[in-house]
Every structure is written in structure tokens, then in C-alpha cells.
Amino acid sequence: MANTWGYGAMTNHLGDIQKAKSIFIIGANPAVNHPVGFRHFLKAKENGSKLIVVDPRYTRTAAKADYFAQIRPGTDIPFMYGMINLILQNGWEDKKFIDDRTYGIDKIREEAAKWTPEVVEDVTGVPAATLKEITEVYAKNRPGSVVWAMGLTQHTIGSSNTRIAPILQLVLGNMGVEGGGTNILRGHDNVQGASDMANAPDSLPGYYAKNEGSWKYFAKMWGVEYEWLQKNFVKPEWMFKPGFTLARWWAGPLNGKNGNDPIENAGDALKALIVIGNGITSVAQQAKIQEGLDALELLVLVDPFVNDAGVITNKKDNIYLLPAATQFETSGTVVATNRSGQWRSQVVQPLYESKPDHEVLFELAKRIGFYDELTRTIRDSEGKINWPEAATAEIARIVKSIGYTGWTPERLKRHQENWDKFDELTLMGKPGTPVEGEYYGLPWPCWTEKHPGSPVLYNVNVPVMKGGMGFRNRFGLEHEGVSQLAAEGSAPVGGAQSGGYPQITKENIEEVLGITLTDEEREKIGASWATDGSGIIAEKCMEAGIAPYGNARARAIVWTFADQIPLHREPIHSPRTDLAKKYPSFKDKPNHYRVFTKYESLQQSADFAKDFPVNLVTGRLVNLSGAGMETRASKYLTRLTPEMFADIHPDMAKSYGINDGDMVWIHSPEGTKIKVKARLVASVKSDSIFLPFHWAGYMQGVDMTGNFPDGTKPYSVGESANTVTNYGYDIVTQIPETKGGLCRLEKA
Ligand SMILES: Nc1nc2c(c(=O)[nH]1)N[C@H]1C(S)=C(S)[C@@H](COP(=O)(O)OP(=O)(O)OC[C@H]3O[C@@H](n4cnc5c(=O)[nH]c(N)nc54)[C@H](O)[C@@H]3O)O[C@H]1N2
Ligand SMILES: Nc1nc2c(c(=O)[nH]1)N[C@H]1C(S)=C(S)[C@@H](COP(=O)(O)OP(=O)(O)OC[C@H]3O[C@@H](n4cnc5c(=O)[nH]c(N)nc54)[C@H](O)[C@@H]3O)O[C@H]1N2
Ligand SMILES: [Mo]
């Protein structure tokens with residue numbers, strides 16, 4: 001199971017942030033988590049850009065801010081509606097952009113009107129004056145860049161958070177411009193590539209929907225029979241269903257027993273778990289995860305380190321640790337936070353008996369019986385696979401949806417070899433160099449082998465062949481009688497159309513592009529640009545200056561979602577019982593990635609705030625990473641934070657009689673608890689604590705580290721924050737609500 005916490009990519013790129021006149025960071029702490037990228041933010045500031053930070057904690061990023069709002073966790077939607085309301089009231093919006101390139105802002109206006117500065121203050125805890133000041137600064141210093149990461153996504157309403165921030169940008173006309181955009185700072189090395197390649201349970205690679213059309217396209221491109229693919233599923237219809245997620249796989253082996261959430265998994269429990277490059281101890285509900293691990297028949301951990309999933313379980317047999325090679329021992333492409341592809345070279349041969357991940361997967365495919373079919377188009381005549389070039393070329397051949405099409409191994413290698421020949425502000429290859437005219441890493445969409453990549457998404461001020469495009473026409477031509485295509489005058493410059501146009505299909509290509517195909521071309525092309533194996537549609541579009549995916553309006557309304565426009569809903573465990581009544585959570589979702597998922601029924605079942613009065617905020621430290629197995633195995637990194645701890649405000653500590661360095665129990669509404677050291681700091685509010693989530697090895701006070709194979713125990717072990725993070729999952733993506741929850745303290 002691989003890792004994709006949250007969706008999104010930067011519409012712009014890190015160097016481009018230097019061009020912003022204001023930067024609005026809401027739910028990210030780049031000074032700690034993206035310290036190299038943060039250099040660009042600091043340069044922007046030196047150039048006079050205003051830096052605004054909204055966070056429940058006074059972070060190291062906040063320390064560099066011109067304006068700071070200390071928000072209550074989980075109330076970012078009210079904050080941003082409050083901004084939109086003030087923007088519209090004062091006429092600061094970009095009327096032309098709204099009219100020409102968006103749909104549904106009228107509905108946003110209605111909802112925003114409810115969020116007066118006073119209502120926002122009550123819900124978010126941010127003074128009305130601060131909201132007004134931040135809004136005015138952000139509206140008047142354009143272009144402005146919105147930046148977020150996990151502070152927005154790890155909530156039951158995380159997906160709505162990730163919609164309201166772009167809506168704010170649309171209202172201000174901050175999209176499709178240099179120095180603007182929505183810039184989601186991604187997490188792991190290659191997390192962007194991992195999500196692009198469908199390490200998510202609900203899509204095929206390239207975000208192709210799991211429907212018959214896409215499966216048939218992939219079958220054709222892989223050179224296998226569609227029926228053969230289908231035959232591998234329990235029943236044909238299971239081919240189209242989303243799988244379990246990383247957040248809730250554990251409900252699979254527990255199979256609804258002992259009061260656990262019921263599953264819909266073709267009538268069977270989940271029996272085996274193969275983990276490739278993930279700390280299972282980094283996910284919420286550790287006590288349940290322990291139960292889930294114990295109930296498995298087979299657990300396989302593919303990792304260069306001892307993945308501590310193998311340590312926290314009581315399971316004694318059928319656990320296999322397969323030593324994976326690290327990224328230094330293999331080569332291939334990775335995708336950066338800004339959609340750039342990067343070639344990576346092997347530094348050393350795999351050490352000892354370790355194997356690179358792809359070899360492990362090939363061996364697995366052989367044993368299950370998929371290998372011959374699924375490597376058919378990447379094997380040469382002698383049956384060998386030229387790794388990784390063959391894989392990269394296959395991705396370029398198939399993944400048209402987001403425009404991986406121009407990413408040939410040769411081009412990406414050339415970019416790697418000429419790293420120093422790109423401009424960091426524009427990403428453009430410098431004149432007179434082998435990369436002249438191309439943007440670094442060919443940021444997708446890179447429509448063809450001649451296309452230079454797209455450094456700034458949705459920019460209509462440059463021609464398509466220089467990286468321009470409108471918004472994608474993905475959701476039909478009209479909704480409730482309103483055209484979803486962009487207005488006249490808002491097409492990428494220099495193209496065959498001056499206004500909106502649909503995505504290009506076999507049916508409409510001649511009309512939209514103003515061309516006539518030959519009989520041979522007509523014979524060869526696929527039904528649409530996304531499934532056109534011939535590549536003819538893309539080539540013709542480039543010649544005509546047309547973006548193959550169309551030129552549509554950005555929609556503020558998603559008519560298939562539970563909330564068509566983003567709405568505030570209190571966290572399931574809200575410190576404000578009154579507001580949980582007023583802004584209740586979603587209806588329970590019976591089959592959410594195969595698992596019954598509770599929302600309103602749990603939220604309204606108890607007055608959690610009475611017994612668990614403290615806000616629980618979790619996040620990261622600069623010296624440790626993820627579940628911590630890699631970094632806690634470093635003597636020098638652990639020295640900076642030798643033990644798991646909780647940040648507690650001195651005022652709160654005083655009320656419990658807790659001194660700096662005392663041990664405290666932290667109790668969760670689920671009845672679980674952890675014992676950690678108190679660190680008294682003023683960066684958290686006096687109603688909140690902060691827990692870093694980088695530790696594992698202890699479970700509810702019990703030392704499990706005897707399970708480490710000899711010599712593999714890390715330098716620092718401790719309780720996982722995720723033993724006490726609360727139940728709650730995003731309504732669309734199922735990310736755990738690890739940034740909104742409650743707890744209770746007790747001096748140990
Ligand atoms: N050193 C280091 N760097 C890392 C990582 C690491 O483990 N260590 N992990 C990488 C990964 S995988 C990722 S995804 C990124 C994550 O990068 P970030 O998202 O920056 O990481 P976090 O520290 O989890 O959370 C960011 C901030 O969100 C705030 N926050 C919590 N709740 C809320 C809320 O409701 N609203 C708002 N506005 N803010 C809130 C937290 O106080 C925190 O300061 O970092 C990457 N970089
Ligand atoms: N409470 C709380 N919980 C959180 C978060 C939070 O903010 N708060 N953040 C969440 C987020 S955004 C994330 S991304 C997760 C992060 O948590 P994890 O995904 O668990 O992060 P890592 O510790 O980086 O785990 C990566 C594992 O991969 C192994 N590895 C490294 N290189 C390779 C390789 O080349 N091949 C293989 N096979 N393995 C390799 C490492 O040894 C390590 O065991 O935590 C999530 N959990
Ligand atoms: Mo992440």
C-alpha cells in the first residue's frame with residue numbers, strides 16, 4: 001500500500017512564489033516542513049511581498065509572517081468565507097474573471113453573506129479586526145498565492161477546505177497568473193508521482209475513472225484482453241469499485257466483529273496486507289490498527305528499515321520483512337510538488353540482499369500469475385525489461401489525461417544533466433543551452449514530445465505551445481442550462497478559438513480546430529483526446545493552439561458531492577457542542593471505500609467537549625520525518641528531540657499542576673491513552689496541545705520494542721500521537737481527521 005495523503009499539486013511552482021505580492025499560508029508550516037522551498041517565500045518577502053499565516057499554533061513560519069491569525073482547528077471554511085464576504089462587499093473581486101471563467105460564484109456569494117466578521121470571530125476565534133486586516137492586505141496585493149498542506153486536508157471537511165481556497169483565488173482573479181495560484185506543498189519525495197500513478201483506490205493511473213471505457217483503453221494499451229482483466233475480479237462489477245484506503249484497511253480484517261464498522265468486501269474479510277514504503281504507525285486509530293494487524297493472516301513489510309507495523313502487532317507468525325533497496329540504489333523518474341518530472345540516477349548497487357521495489361513487485365506478479373500479461377508492452381524481443389526507461393516510456397504512451405505524453409526518458413535525462421541551465425523564477429531553459437525553450441522537468445501537462453511543459457496552470461496569456469491553457473472541460477457542456485465553457489475572449493492566446501471550447505473528441509475535432517482530417521487519420525484516432533492512442537488529436541491540437549482537454553469554466557459547485565458548495569461542518573469531536581448542533585457533520589456513509597463510516601451519529605452521540613476539553617493539534621518537526629523509522633534511526637537527528645512529547649501552554653499546565661518535563665497521560669474519546677513528556681511552550685493556545693506524530697514503539701504505556709529484531713531498534717522510541725487522534729474521516733478522500741479532535745490530560 002503506498003501513500004497519498006490528500007490530493008492536489010501546485011498550480012504554479014516554488015520559484016514563481018517570488019513573484020507574488022502577497023502569500024497566504026493556511027494550514028502549512030513550510031519553514032519546518034519545506035525549509036528549502038521556504039527560501040523562495042523569504043525572497044518574496046525581501047521583494048516586499050506580504051506574508052500571511054493562519055495556523056492554530058505560532059509556528060516558525062508564523063514567526064516570519066507580517067500578519068498572523070491563530071485559528072481554532074477545523075474552522076478554515078468560515079475564515080475563508082469571511083474573507084470572500086468582505087471582498088465582495090467592498091467590490092475587491094475580479095468581476096471579469098468571475099464572469100468569463102467561473103461557474104457558480106453566485107451560490108458562493110449567498111453562503112459568504114452569512115459569514116460576517118462577528119460570526120467568523122465566534123466560530124474561528126480570530127478577532128474580526130484581524131480578519132478584516134488580512135482580507136484587505138490580501139485583496140489589495142495581487143497577484144496573491146495561496147499555500148496549504150496538511151492543515152487543511154486532515155479533517156472530515158478536508159476536501160471542502162481544498163475547494164474553498166481555490167474559490168477564494170477565483171474570486172480575486174488570482175488563478176492562471178504568475179505569482180498566483182493554489183500551491184499545495186506536497187509531502188513525501190514523489191508523493192505527486194505516486195498519486196498520478198493511481199496509488200489511490202478509486203482511479204486508474206492518470207486519474208482515469210474506474211469505468212469500462214478507461215479499463216478498455218488500458219487493456220488495449222497494455223496489449224491484454226479486457227475480459228482477461230475482468231476475470232481476475234471476484235465478480236465483474238468489483239472491477240469498478242474503489243478499494244480500501246490506507247486510513248481504514250484495518251476495518252477489513254476486523255470485518256465488523258466486536259462492534260467494529262461493517263465492511264462491504266464481496267462478503268469476505270481482508271486477509272493479507274503488503275506494505276511498501278509506509279509507516280502503518282502514522283495513521284489514526286493505532287489501537288484499532290494493532291487489532292487489525294493481529295487479525296491478518298499474512299503481513300508483508302517491504303522497507304529498507306524495520307517497519308514498526310511489525311513491532312506493534314502481537315501477531316507471532318506470517319510476518320515477512322523484505323529488505324527494500326533505498327532510492328540511492330535504484331533509478332527512474334519522480335514527480336516534484338510542481339508537476340515537474342525528474343530523472344534520478346542510481347548511486348550504488350543494492351546492498352546486501354535488498355532489492356529495488358520494482359523487482360519485488362515483478363516477483364510478486366510472477367507468483368500471482370500477472371507478470372507475462374502486464375509486462376507485455378515493456379519487454380523487448382528477448383523478454384528483458386529495460387528498466388526504468390521502458391516504464392517511463394510506457395507512462396508517456398498511456399497517461400494522456402494529465403499530459404505525461406511528452407515525458408520521454410531522453411528529455412527527462414537531458415533536464416537532469418542540465419540542472420544548472422534553467423531560470424529559477426520562470427523554470428525556462430536558458431538560451432543557447434540543450435534545454436533552451438523547455439521548462440524544467442516539463443511540468444505536466446506536457447502534451448507532446450515538442451511541448452515545453454506548463455509551469456503555471458490555467459494561464460491563457462501564453463499560447464498552448466508555450467504552456468498556456470484554460471480550465472479543463474471535464475463536467476459536461478452545461479449545467480442547469482448554463483454553459484460550462486469559458487466566455488468569448490478568454491482562450492489561450494494565438495489559438496484557433498477565441499472563447500470556450502469542449503474537450504476534443506473524434507466527433508468535434510474538425511469543427512473546433514477548423515481542420516479536415518484525412519481518411520487515414522480519421523481511421524486511426526481514438527474516441528477522445530484522453531484515449532487517443534495514436535497521438536494524432538494532441539498533435540493537431542498543438543498545431544491549432546488548442547488545449548486538448550478544452551477551455552471551460554472553473555466550477556464552484558460540485559453537483560455530485562454531499563456538499564455542492566463548501567459548507568462549514570464542525571469536527572466530529574468539536575470543543576463547541578453548541579456549534580456542532582448548528583453546523584453538524586455529514587450523514588453517516590454506509591460504504592465509504594468499503595467501510596461504514598460514522599459522521600453525524602457519532603458527533604451527536606455525546607457531549608465530547610465536557611469530558612475532553614482540550615483541542616488536539618498534530619503535525620511535524622523539522623528533524624524527524626513521517627512515522628519516524630528512518631530519522632529515529634539517526635543518532636544525530638534524535639539528539640534534537642530525544643523523546644516523544646506534548647507541547648502544552650504554561651497556563652494550561654498550571655491548572656493541572658504540570659511542570660516542564662513531567663510525564664502526562666493524554667486520553668482520547670475512544671478510550672485510548674498515551675504517556676508522554678510535557679514541554680511547556682507558548683506557541684500553542686491555552687486550550688490546545690500539540691503532538692508530533694513521529695514516534696512509535698509504545699502502545700498505551702506498553703513497551704513493544706522487544707519485538708524489534710536484534711540490532712534494529714531505533715535510537716528513540718515512544719508513544720504514537722495516532723493512538724489518541726480521534727475517529728473521523730474526510731467525506732471524499734477518507735483522510736483521517738488528525739488535525740481536529742479532542743483529548744483530556746492527566747498528570748502521570
Ligand atoms: N521535517 C519534515 N518535513 C516534512 C515531513 C516530515 O515528517 N518532517 N513530512 C512531509 C509530508 S509527508 C507532508 S504531507 C508535509 C506536510 O507539511 P505541513 O502540512 O506543513 O505539516 P504539518 O506540520 O502536519 O501541518 C502544518 C500546520 O497545520 C497546522 N494546523 C493544524 N490544524 C489546522 C487547521 O485546522 N487549520 C489550519 N489553518 N492549520 C492547521 C499545524 O499547526 C501545522 O503548523 O511535510 C513534508 N515535510
Ligand atoms: N497525527 C498525524 N498523523 C499523520 C500526519 C499528521 O500530520 N498528523 N500526517 C500524515 C501524512 S501527510 C503522511 S504522508 C504520513 C507519513 O507517514 P509515513 O508514510 O508512514 O512516512 P514515512 O515514515 O516516511 O514512511 C515511509 C516508510 O518507507 C520506507 N522507505 C523509504 N524509502 C523506501 C524505498 O525506496 N522503498 C520502500 N519500499 N520503502 C522505503 C521508510 O523506511 C519508512 O518506513 O503520516 C500521516 N499521519
Ligand atoms: Mo504527507
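All ligand and atom numbering here is 1-based and tracks the order in the structure.
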Within ligand 2, which atoms have a heavy atom of [X] less than 4.0 Å away?
X	answer
T725	1 (N)
Q327	34 (C), 35 (O)
G628	23 (O)

Decide whether the shortest distance between a heavy atom of [X] and an atom of ligand 2 is less than 4.0 Å.
X	value
A149	no
N278	yes
K739	yes
S625	yes

For [X], take its heavy atoms, then give the atoms of ligand 1 lying under 4.0 Å from any of them.
X	value
L624	1 (N), 2 (C), 6 (C), 7 (O), 8 (N)
G626	6 (C), 7 (O)
L621	1 (N), 2 (C), 8 (N)
G74	34 (C), 35 (O)
V622	1 (N)
V617	31 (C), 42 (O)
H34	15 (C), 17 (O), 45 (O)
V32	1 (N)

Evaluate whether atom NZ of K315 has more than 12 neighbouring non-hydrogen atoms of other residues, nucleotides or ligands under 6.0 angstrom away.
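Correct, the count exceeds 12.
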Indicate, as side chain, backbone, both or neither, the part of Q154 found under 4.0 angstrom from ligand 1 when only non-hydrogen atoms are considered.
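Under 4.0 Å from ligand 1, Q154 contributes no heavy atoms.
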Indicate, as side chain, backbone, both or neither, the part of T59 found under 4.0 angstrom from ligand 1 when only non-hydrogen atoms are considered.
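Side chain only.
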Polar proximity ligand 1 side, [X] side, N/O cut 3.5 Å exclusive:
X	answer
P30	no
T618	no
R72	no
N29	yes
G619	no
D76	yes

Does some side-chain heavy atom of T638 sit less than 4.5 Å from a side-chain heavy atom of T631?
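No, too far: nothing below the 4.5 Å cut-off.
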Does K64 reach the side chain of L51, with side-chain heavy atoms less than 4.5 Å apart?
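Result yes, sub-4.5 Å side-chain heavy-atom pair found.
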Considering both backbone and side-chain atoms of T326, is one of its nitrogen or oxygen atoms within less than 3.5 Å of a nitrogen or oxygen in ligand 2?
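Not met; the criterion fails.
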Any idea which of [options] brings a heavy atom closest to [atom]?
atom	options	value
atom 44 (O) of ligand 2	I280, N190, D303	D303
atom 32 (N) of ligand 2	P304, G741, G277	P304
atom 11 (C) of ligand 2	M150, R620, H188	R620

Region of S282 that comes within reach of ligand 2 [heavy atoms, distance under 4.0 Å]:
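The part of S282 near ligand 2 is both the backbone and the side chain.
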Which label fits Y729 and Y727: parallel for a plane angle under 30°, tilted from 30 to 60°, or perpendicular past 60°?
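Ring orientation, 0 to 90° scale: perpendicular.
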From R186 atom CZ to N338 atom CG, the distance as rounded to the nearest 0.5 Å:
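Answer for the CZ-CG pair, R186 versus N338, is 12.0 Å.
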